[in-house]
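One structure is given here, and the rest of the page talks about it.
What you are looking at is a predicted structure, and each value in this text was computed from that prediction instead of being measured.
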Amino acid sequence: MKEVKRVAVIPGDGTGPEVIGEGLKVIKAVLPSCSCDIEFKHFDFGGERYMRTGETLPEGAIEELKTFDAIYLGAIGHPDIKPGILEKGILLKLRFELDQYINLRPVRLFPGVETPLKGKGPEDIDYTVVRENSGDVYTGMGGAMMVGTPDEVATQVMAYSRKQVDRCLRYAFEYARKYGKAARGKADKSKLALVGKSNVLTYVFDMWNRAFAEIGEEYPDIKREYYHVDATTLYQVASPEMFDVVVTTNLFGDIITDLAAITQGGLGVAAGGNLNPEGVSMFEPIGGTAPMWTGQNKINPLAAIWSGAMLLQSLGEEKAGDAIVEAIGDTTPKMKSMAAGQMGYSTTEVGDLVAQSALKRLS
Ligand code: IPM
Ligand code: MN
């Protein structure tokens, strides 16, 4: 008998259920090759539920989710709900309550995928962003006074504890050691680049830089680099091949991973994982709910499928997870475009192609 792992599925709103459906299809297809079995339990959290019940996450939801081995999330959002309510009430709440302190966002241009970067190919666009996921302006520290008057003041603080910094950096160094370009035979030495703004945010990045140097001493096999975030965006466009593993703060990571996403073919192919390496992690495509494409079987499911592969990897099923990632690379050359409605295939057909290819790779 195989060990049974439990995965909570939150398909969410808009095209979330369609892309998660394809991700589940692919995961289920490779399950016979896994050393565990997976039991899935679906939850209806999201904008639709909020409109119906006025509740973002019901009582006990967090406690229940803590009992799972992983969470698979589609997308949360609703055009009729004020920005911030669902984000803070569901997505960020889950990230914080489950202390998912790493947001791992791989950036990889699959074969045949069009990139807006002239002259760049799959060998150039191949890096990973380790986005700190628990601190920064996302903590909500700050406030407002005299709102609505000419003297109104508003603050939102970039807050970091040394503990948060250390655990994030440690994860990034370990990741670079295990999956950096040297580990994959693509460089002599793997690199970890810290991205910050030490010329202006002097307190915060003084702490990050000191921790980076101190912890880095334990990783002589990893080359350390530092870049300001503004310069980073320029390099991501002009010379993405210089990056290997990048570690950065929460808000900067949010911004540079959207830029990274378009260089790898757009949000349809950008995957991510909110990780608590000691707890429950949650995997989600970076793209949103895409309301205009809902229910048409035209949205690109690859980001969700890739996130599903990351979920399997996190459960220790590296072989099956890797096979799915490579199967995505088998599928992209057959597709006309990564854009919704222009793929040359339907959502479900793309899911079928990846599933078939993953199975072939595992057989
Ligand atoms: C992301 C999103 C979220 C973030 C929003 C929806 C709160 O942009 O996952 O990148 O800012 O982290
Ligand atoms: Mn974002």
Side-chain angles (χ1 to χ4, degrees), residues 19 73-77 87 91-92 94-96 100-110 113 115-117 120 122 124-138 158 160 164 168-169 171-172 175-176 179-180 191-197 208 225-275 281-290 300 302-311 313-314 325 328 338:
V19 296
L73 176 81
I76 305 271
E87 290 86 342
L91 182 65
L92 297 177
L94 289 171
R95 288 180 185 172
F96 281 110
Q100 295 163 337
Y101 60 88
I102 299 293
N103 198 326
L104 188 67
R105 296 188 162 178
V107 185
R108 175 166 165 190
L109 183 68
F110 283 102
V113 175
T115 172
L117 303 188
K120 301 293 178 190
D124 303 307
I125 301 170
D126 178 17
Y127 59 96
T128 305
V129 178
V130 176
R131 165 185 172 190
E132 200 290 327
N133 210 34
S134 69
D136 203 341
V137 295
Y138 282 78
M158 181 180 203
Y160 267 112
Q164 286 175 318
C168 174
L169 288 173
Y171 178 88
Y175 187 91
Y179 303 107
K191 289 192 286 196
L192 178 63
L194 171 63
V195 167
K197 186 74 185 169
W208 274 86
E225 293 178 340
Y226 170 85
Y227 301 107
H228 292 322
V229 64
D230 48 350
T232 299
T233 59
L234 186 155
Y235 299 138
Q236 283 178 283
V237 172
S239 32
E241 64 280 357
M242 66 190 254
F243 295 115
D244 185 352
V245 182
V246 172
V247 62
T248 191
T249 46
N250 206 344
L251 182 61
F252 291 167
D254 177 43
I255 297 166
I256 70 169
T257 53
D258 261 29
L259 174 54
I262 196 67
T263 68
Q264 61 178 337
L267 290 172
V269 249
N274 301 279
L275 313 183
S281 300
M282 175 168 77
F283 298 83
E284 51 162 343
I286 298 185
T289 52
N300 188 340
L302 289 179
I305 294 172
W306 192 1
S307 305
M310 292 172 71
L311 184 151
Q313 288 161 339
S314 85
V325 178
I328 293 172
M338 293 301 115

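- Here Asn103 contributes atom CG and Asp254 contributes atom CG; the two are 8.5 Å apart, rounded to the nearest 0.5 Å.
- Geometrically, Arg108 does not engage Tyr179 in a cation-pi contact defined by less than 6.0 Å to the ring centre and at most 45° from the axis.
- The shortest distance between side-chain heavy atoms of Val325 and Phe110 falls below 4.5 Å.
- Of all heavy-atom pairs spanning Glu284 and Asn274, the tightest one is OE2-ND2, 2.9 Å.
- Between Thr115 and Thr263, the shortest heavy-atom contact is OG1-O, 2.8 Å.
- Atom CD1 of residue Ile256 and atom CZ of residue Arg131 lie 10.0 Å apart, to the nearest 0.5 angstrom.
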Tell me, with the steps shown, if Asp258 and Ile286 meet side chain to side chain contact (heavy atoms under 4.5 Å, CB included). CA-CA 8 Å; Asp258 261 29; Ile286 298 185; 4.0 Å; yes

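- The distance from atom CG of Leu104 to atom OH of Tyr175, rounded to the nearest 0.5 Å, is 5.0 Å.
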From CA spacing to verdict: side chain to side chain contact (heavy atoms under 4.5 Å, CB included), Ser134, Asn250: CA-CA 7 Å; Ser134 69; Asn250 206 344; 5.9 Å; no

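- Note that the OG1 atom of Thr249 and the CD atom of Glu132 stand 8.0 Å from one another [nearest 0.5 Å].
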List the steps and the verdict of side chain to side chain contact (heavy atoms under 4.5 Å, CB included) for Thr232 and Leu259. CA-CA 10 Å; Thr232 299; Leu259 174 54; over 6 Å; no

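- Tyr171 OH: more than 12 foreign heavy atoms inside a 6.0 Å radius.
- No donor-acceptor distance shorter than 3.5 angstrom exists from the side chain of Asp244 to the backbone of Gly180, with no hydrogens or angles considered.
- Formation of a donor-acceptor pair under 3.5 Å by the Asp136 side chain with backbone atoms of Tyr138 is not found in this model.
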Assess the residue pair Ile76 and Thr289 against the criterion (side chain to side chain contact (heavy atoms under 4.5 Å, CB included)); give the C-alpha distance rounded to whole Å, side-chain angles, the decisive distance to 0.1 Å, and a yes or no. CA-CA 6 Å; Ile76 305 271; Thr289 52; 5.7 Å; no

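- Using a 4.5 Å cut-off on side-chain heavy atoms (C-beta onward), Met282 and Leu94 make contact.
- Interatomic distance, Ile255 CD1 to Asp230 CG, rounded to the nearest 0.5 Å: 11.0 Å.
- Between Trp208 and Thr248, the closest heavy-atom pair is CH2-O, 4.4 Å.
- When all heavy atoms of Ala172 and Val245 are compared, the closest pair comes out as O-CG1, 4.3 Å.
- When every heavy atom of Pro285 is checked against every heavy atom of Ser307, the shortest pair comes out as N-OG, 3.3 Å.
- Counting heavy atoms from C-beta outward, Leu275 and Phe283 have side chains that approach closer than 4.5 Å.
- Applying the side chain to side chain donor-acceptor pair (under 3.5 Å) test between Tyr127 and each of Gln236, Arg105, Glu241 identifies Gln236 as the sole match.
- In this structure, CG on Asp124 lies 13.0 Å from CE on Met242, to the nearest 0.5 angstrom.
- Between Pro106 and Ala271 the shortest heavy-atom distance is CD-O, 3.5 Å.
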